[in-house]
Peer 1: 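Here it is, the structure in full.
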Protein chains: 4
Amino acid sequence: MSSTRIPVRRLEPRKLPQQARSQTTVEALLEAAAQVFERHGYAAGTTNRIAERAGVSIGSLYQYFPNKDAILVALVHQHLAESMAALQPQLERLCGGAGFDDVLPDIVHAMVALHALAPGLHRVLFEETQLPPGLRAELDDLEDQLVEQAAVAVADDPRWRPIDPRLSARVVISVIEGLTHRLVLRPPSGVTSEAIAREIIELVRAYIWTRHDTGD
Amino acid sequence: MSSTRIPVRRLEPRKLPQQARSQTTVEALLEAAAQVFERHGYAAGTTNRIAERAGVSIGSLYQYFPNKDAILVALVHQHLAESMAALQPQLERLCGGAGFDDVLPDIVHAMVALHALAPGLHRVLFEETQLPPGLRAELDDLEDQLVEQAAVAVADDPRWRPIDPRLSARVVISVIEGLTHRLVLRPPSGVTSEAIAREIIELVRAYIWTRHDTGD
Amino acid sequence: MSSTRIPVRRLEPRKLPQQARSQTTVEALLEAAAQVFERHGYAAGTTNRIAERAGVSIGSLYQYFPNKDAILVALVHQHLAESMAALQPQLERLCGGAGFDDVLPDIVHAMVALHALAPGLHRVLFEETQLPPGLRAELDDLEDQLVEQAAVAVADDPRWRPIDPRLSARVVISVIEGLTHRLVLRPPSGVTSEAIAREIIELVRAYIWTRHDTGD
Amino acid sequence: MSSTRIPVRRLEPRKLPQQARSQTTVEALLEAAAQVFERHGYAAGTTNRIAERAGVSIGSLYQYFPNKDAILVALVHQHLAESMAALQPQLERLCGGAGFDDVLPDIVHAMVALHALAPGLHRVLFEETQLPPGLRAELDDLEDQLVEQAAVAVADDPRWRPIDPRLSARVVISVIEGLTHRLVLRPPSGVTSEAIAREIIELVRAYIWTRHDTGD
DNA sequence: GATGAATGAGTATTCATTCAT
DNA sequence: GATGAATGAATACTCATTCAT
């Protein structure tokens, strides 16, 4: 009779690789997981396939990840870190007084570039799977922070005085995120990612312009 | 959607129900499938559960659907039909000469209403699962048609003469679809679906206004 | 991402077989499980082996038992039922006024016969595995009832007036149970099960005789 | 004990620790194993857990024990040694002419004390696992020796002349061992280990008294 | 000698699908 | 037409054991 444990599901990596060798293994696993999930989707991306593609035994996979979900979570965290690295500089420019108008293109281009790299994987990461509540909350928090910063930046801009900066900011963020996903992950034929970025920028500009108090 | 192989796989309903009783059974199955997929997701929504909830034996389910994917496909078709039914009148108004400005709100409201009904199901139908290529193409075709119609309507509008009607139309459609999904399926806290619709409308209006040739 | 259910572990049979065919399957499975556990022990008695020996697919096993433990539980219940069936008549004789001295031999013989049938299985059922708390409690309850009945019977016996009937009864039950297990499940060489029964009877008789208030 | 196959399998410690450090390691491993088996049972007591708890790498564990079973065997031997150490003096008293009646209480108390120390471990050692045949035989031999000695002692006792000293001795040993296990490892609520010892002593006394030739 | 990364056969369990009744 | 018992390939995951460093 198996003992009745309390099944607390861990999602953090199981142990930190200490030797150089294992560091390599973990990286190979994450890389393999990204490819496998991208090609097969999450459900059909089996742990055995991931291990195989990583050139590693299934046992090694489970030495570093307590379960399949943990791999996904690690991938999401990786993406988050990359996103922050790409966005942080722009946000600092914004807070440093640069005009929203100037920063916007860079933000959008960064977002588009970020997603264009491995569109299938992003689909899996953010659409196909139901992320665990903790991670979901983490992402939502992050977005809220972005919204907050954007709201402040937009409110400060002397030329644009939006009536409801918070809502405007939320829509702006959603538009950027939503359209990037929509257009980059499933690009309509005959539309370059360059054109996509351009249109997103125009869209946001137009929206903000409309939503402000012209003071007339 | 599970398989990556390319076996010969039928996705059409196995046989058309001819008697009233069968008709009822099929409807019960689709309704049950919608509920089960909404609650459990596609992968965890087992055919046995669907059959059980439909009050029908698993054997009967397979009498009408050759496999699990076929149920999903039927559900997508159903959704498509409903969408068309909701959108067609507006499109006809558009083609009949009504101003895009007038029709836009109705379109957006229709879209939002369509998705607000069973958000979880829509997530499953359009995000969680990798639709079979044929269906995917079908959906894309449909969207292309919408784009085409919208392009014509926008181009015809005497007050708005967009520089690239086709691209503008595509963006408009994507914005409506993308934001509806993004905002309705995972609504930010404190934002009503009414507000969402309003902002989408504003967004599109602003964009079109910007994108036109003012003739100055 | 798999949905996070609350893992309540069921141990009851999964569904009651409704057709005659499945009744047969369940019986074959239990019989096979008894043999497999007896030969290999619980841990090494795999579900696949059980299914194979039952001449049934592994899927069928899980159609009737939600997990491996449930099979063990069913086996214990089966044994319990058989034990009660064998013991009940004697207990009724006891309560009906028959002398403890007369009934004792029959009880011991019944116990020995019960265990001599599949000793290895009983070892697995009651020694090797840590039974789930509910079942453990059930067994303890049963034993407590036996103790209670024995205590009453012994107390009533005019010839035996034990000082502490409850404790004496407990020891008597434990002796019968403990020695049956010890001697039947791992019989010393050269001792027949007949001799074992005889000695157990003597032991209990001597004990009770000693433990009574001689009234001197 | 897992394997049912009969591979060539070493169960002796792999190498005798020669340096003081190694001696310490082996002791730490056995101590850890005892704790881990007591807490988790044999099957769930993994070698990695044992090594971890011993503060030793898994590699080191296998330096001293060829496999998991060998650890169990070592533990059994350890227990045997302790048992002999506790029992030997009493047996010598017996052979030295002390009355069985006088020695019995000390034997029983020694047995109870021995088992009360780590009941869970004893359950694992002697009930949960199917000991390898060699060890099983070793244990049985030991018991036979005890029986022999007891038989001689009992036969010699001028006051007790049992009809079949060998059988009586066997029953006595079994009673002591069986009831100790039964009552110490799974004590009925409300019964102290002191009371248990007392009742076992009484039981054996009564039995021997009954089983002797009164000479009438 | 010690370490711990790597291994992979083996385990319980699920679920889409078939087919005898 | 309907039923539901039966199937078994496939999956996530474990753990005793090895061996390069």
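As a basis for the values below, the full set of heavy atoms in this structure was taken, side chains included, without hydrogen atoms, waters or symmetry mates. Given the structure is predicted, the values throughout are model-derived calculations rather than measurements. A note on names: the letters A, B, ... follow the listed sequences, proteins ahead of strands, and every chain is numbered from 1.
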Peer 1: Hey, mind stepping through D:His122 and D:Glu127 against side chain to side chain donor-acceptor pair (under 3.5 Å) and telling me if it holds?
Peer 2: CA-CA 8 Å; D:His122 282 100; D:Glu127 298 190 343; over 6 Å; no
Peer 1: Which heavy-atom pair separates C:Leu61 from C:Leu29 by the least distance, and what is that distance?
Peer 2: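 The pair with the smallest heavy-atom distance is CA-CD1, 3.7 Å.
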Peer 1: Are any side-chain N or O atoms of C:Arg123 and backbone N or O atoms of C:Glu38, one a donor and one an acceptor, separated by less than 3.5 Å?
Peer 2: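 No; judged by distance alone, with no hydrogens or angles, the pair does not exist.
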Peer 1: B:Ile58 or D:Gly55: which one's nearest nucleotide on DNA chain E is closer to the 5' end?
Peer 2: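 Its nearest nucleotide lies further toward 5', so the answer is D:Gly55.
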Peer 1: Could you report the tightest heavy-atom contact between C:Leu135 and C:Leu131, atom names first, then the distance?
Peer 2: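 Heavy-atom minimum between the residues: CD2-CD2, 4.4 Å.
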Peer 1: Students often get this wrong, so: under 4.0 angstrom with heavy atoms, is D:Ser60 touching a base, only sugar-phosphate, or nothing?
Peer 2: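 Answer is base: heavy atoms of D:Ser60 come under 4.0 Å of a base.
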Peer 1: Can you check whether D:Gly120's main-chain N or O pairs, donor with acceptor, with D:Arg39's side chain at less than 3.5 Å?
Peer 2: no
Peer 1: Whole-Å distance between F:dG4 C1' and C:Tyr64 OH?
Peer 2: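 Rounded to whole Å, this separation is 8 Å.
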Peer 1: Both distances under 3.5 Å, Watson-Crick or G-U wobble: on that basis, could you give the dot-bracket string for DNA chain F, with [ ] for crossing pairs and | for other-strand partners?
Peer 2: .||||||||||||||||||||
Peer 1: By nearest heavy atom, map D:Asn48 and B:Gly59 onto DNA chain E; which one lands nearer the 5' end?
Peer 2: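 Its nearest nucleotide lies further toward 5', so the answer is D:Asn48.
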Peer 1: Nearest whole Å is fine: how far is E:dA12 C1' from C:Leu72 CG?
Peer 2: 15 Å
Peer 1: Quick one: B:Asn67 CG to E:dC15 C1', roughly how many Å, whole number?
Peer 2: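 Atom-to-atom, B:Asn67 to E:dC15, this comes out as 14 Å.
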Peer 1: Could you tell me how far apart B:Glu52 (CD) and E:dA16 (C1') are, to the nearest whole angstrom?
Peer 2: 16 Å
Peer 1: I would like to know whether A:Phe65 and A:Thr47 meet side-chain contact (heavy atoms from CB on, under 4.5 Å); could you show each step before the answer?
Peer 2: CA-CA 10 Å; A:Phe65 300 97; A:Thr47 51; over 6 Å; no
Peer 1: So is C:Lys68 actually on top of C:Tyr42's ring, under 6.0 Å and inside 45° of the axis?
Peer 2: yes
Peer 1: CZ of C:Phe65 versus C1' of E:dT14: gap in Å, rounded?
Peer 2: 17 Å
Peer 1: Under 4.0 Å, counting only non-hydrogen atoms across every strand here, what does D:Thr47 touch: a base, just sugar-phosphate, or nothing?
Peer 2: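 The residue D:Thr47 makes base contact.
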Peer 1: Has A:Tyr62 got a side-chain N or O lying under 4.0 Å from the OP1 or OP2 atom of F:dT14?
Peer 2: no
Peer 1: So does A:Thr25 get a side-chain nitrogen or oxygen closer than 4.0 Å to the phosphate oxygens (OP1/OP2) of E:dA6?
Peer 2: yes
